[in-house]
Amino acid sequence: MSSLCGRLTEITQQAFAALELPIEHARVTVSGQVETAQFQCNGAMPCAKVARKNPRDIAQDIIDTLKTMTADQNVFAELSVGGPGFINMVLTPEFVADHLASLSGDDLCGITQNGNGQEVILDYGGPNIAKAMHVGHLRSSIIGDTLRRIYQFAGYKAIGDVHMGDWGTPMGMILSELEEMNFEGEITMDMLAEIYPKASGACKEDADRMAKAREATKKLQDGVPEYRETWQKFIDVSIAGMKANFDALGVHFDEWKGESDAHPYIADMVAELKQKGIAHEDDGAWIISVAREADKKEIPPLILLKSDGAVLYSTTDMATIIDRVRTHNPSKIIYVVDQRQHLHFEQVFRAVELAGIVDEDKVELTFAGFGTMNGTDGKPFKTRAGGVMRLEDLIAMAQEKARVRLDEAELATDMDAQERESVAHQVGIAALKFADLQNNRISDYVFDLDRMTSFEGKTGPYLLYQAVRIQSLLKKAGDFDALAARGNIVLQADDLTLALLLAELPDSFDNALKNNTPHLLCDYAYKLAQGFSSFYGKCHILSEEDEAVKNTRLLLCAQTHTQLVTILGMLGISVPARM
Ligand code: ARG
């Protein structure tokens, strides 16, 4: 199956082909002017330009061909030329009804799975060991986890990897701080959160301490057993802390790898890069020139080894790609990382291509950067006291506000304390996630707790409310037979509008997938919820007397519900059983 636009595009392509017009212009879209048409194709104009003909004449030729082609299929109720040569299309209610019937029987809501089981590795989350997770990690986690689900839905084998920062100098700082303290007891997360800032402060002020931290890092990386053991201990407590946060958010990872997993590949990689002449010496350091002639702005060389022989973030990221292509067979690797790391990834991607670590025709490397979450003052979001906002505090804030909102709206009033608390959690998480995902990921956005938790407007709670409302309506309808309803669909004007809207999902999905932009799905979910709301306001449903009309409307309700829950599911948002 596909969307109606997709099906109409196919038909129109055949008409273009029959007229020997270039079929890339045959794309059909939802009409910008719903009063005059449901769909439109603007392809006559570019064709006319090339053929030096009147675009309206070409449009008319296309229409005549479409009419002949579909003469016995009952597709178009109306085909007309508009303005300079637009082709306006109106479908017969039967064609739309037919489409709705197949849509309602399709678990994929009309979406075509093009993934064919290809592997996609998604690198997101990226928390750092021994440091509290903060709001920057929130965006990466939420967007990355959503993309993972979108790829999975499209038929890919999507693998989410948390890629922890667990290997650099900060590790040595902690190890040498523990030595300094003569520490013997049990390592806990609270303790790490205290030690790390102390250690990094000391290293900044005292060159001697810094030297010790570097030495400890080296020993760790060289595999000195005591260092590895202590490191493993604080890795374990850190991961436990991260897991608690990710669980609360409902963010999933298939792999819990980190920078340290790249370590075994580094020595060989560096040796080969030197030997092949891809890396060259520069003032004691080893670098790879990645600039290209066509570059509009300067791309500095990637630093592979520092003059003291230490490896850097770029070195680990290159070696991580080796690990990924050896342990998996990815056709894509997607990095969901702060936009400010764009240059770093550009250098890494170019370097691995130069080195032949990946074949760019087989593995597509994509940087899916995101903007900053700001406070209402337009600066990166902080606590009231001006400190870094911890992720767990942020989640607690959203949940607390959700409770207040539920009270205001007099929702969830008849629930026991436990159910109410779990609904508050669902509403809070829906608010946080939707507020983040609805923005184009590249843009910065303002964290506004009041707005995002509102049950009105383009928010997660509004969508949950709509989904629950349809749920309870369907419950009231009792045993409604979808199969029978599918066989006898009768669409009146407002029903038709909703049916057309329901058919649009695959287009939004495909665009979200193609550009790694979940906000397009958010836009669609909101449009659908609004469309439903207007349908619900205008149409009798349970009180409708005509049986066929009533069942068609219930079918529309059920399909709207399925699609809302499906999209929210992709966004990592779960719908309460009631509210
Ligand atoms: N740990 C990094 C940070 O906090 C993010 C890691 C992103 N992924 C990567 N492969 N470099 O900024």
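Each ligand, and each atom within it, is numbered from 1 in the order the structure gives.
Contacts between N128 and ligand 1 below 4.0 angstrom, taking non-hydrogen atoms only, involve the side chain exclusively. Residue H344 does not touch ligand 1, judged by heavy-atom distances below 4.0 Å.
Considering backbone and side-chain atoms alike, E259 places every N or O at 3.5 Å or more from each N or O of ligand 1. At under 3.5 Å, a nitrogen or oxygen of G126, whether backbone or side chain, sits near a nitrogen or oxygen of ligand 1. Checked against a 3.5 angstrom limit, the closest N/O atoms of D123 and ligand 1 fall inside it. The shortest N or O to N or O distance between D317 and ligand 1 is below 3.5 Å.
Checked against the 6.0 Å centroid threshold, F246 and F253 count as a close aromatic pair. Here Y526 and Y462 bring their ring centres to under 6.0 angstrom of each other.
Set against the non-hydrogen atoms of Y335, the atoms of ligand 1 under 4.0 Å away are 10 (N). Counting the atoms of ligand 1 from 1 in the order shown, those under 4.0 Å from a heavy atom of Q341 are 12 (O). Close contacts between ligand 1 and V337 involve ligand atoms 7 (C), 8 (N) [criterion: under 4.0 Å to a heavy atom]. Under a 4.0 Å criterion applied to the non-hydrogen atoms of H163, ligand 1 contributes the atoms 8 (N), 9 (C), 10 (N). Every atom of ligand 1 with a heavy atom of H137 under 4.0 Å away is listed here by number and element: 4 (O).
Scanning the protein for heavy atoms near atom 6 (C) of ligand 1, the closest one is Y313 OH, 3.4 Å.
Ligand 1 has at least one atom lying under 4.0 Å from a heavy atom of F345.
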**Item:** Verdict with supporting geometry, Y313 and Q341, side-chain hydrogen bond (donor to acceptor under 3.5 Å, both in side chains)
**Value:** CA-CA 11 Å; Y313 190 41; Q341 294 190 25; 2.7 Å; yes

(message) Between Q563 and Y524, is the side-chain hydrogen bond (donor to acceptor under 3.5 Å, both in side chains) condition met? List the steps.
(response) CA-CA 10 Å; Q563 294 199 6; Y524 175 75; 3.1 Å; yes

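If you check the side chains of H280 and D282, you find no donor sitting under 3.5 Å from an acceptor. Side-chain contact check for Q530 and Q466: no donor-acceptor pair (N or O, by modelled atom type) lies under 3.5 Å.
Salt bridge status for D145 with R148: present, with a side-chain N to carboxylate O gap under 4.0 Å.
Judged by distance alone, with hydrogens and angles left aside, the side-chain atoms of D166 form a donor-acceptor pair with the main-chain N or O of S260 at under 3.5 Å. Of the possible donor and acceptor atoms, one in the side chain of Q347 sits under 3.5 Å from a partner among the backbone N and O of P301.
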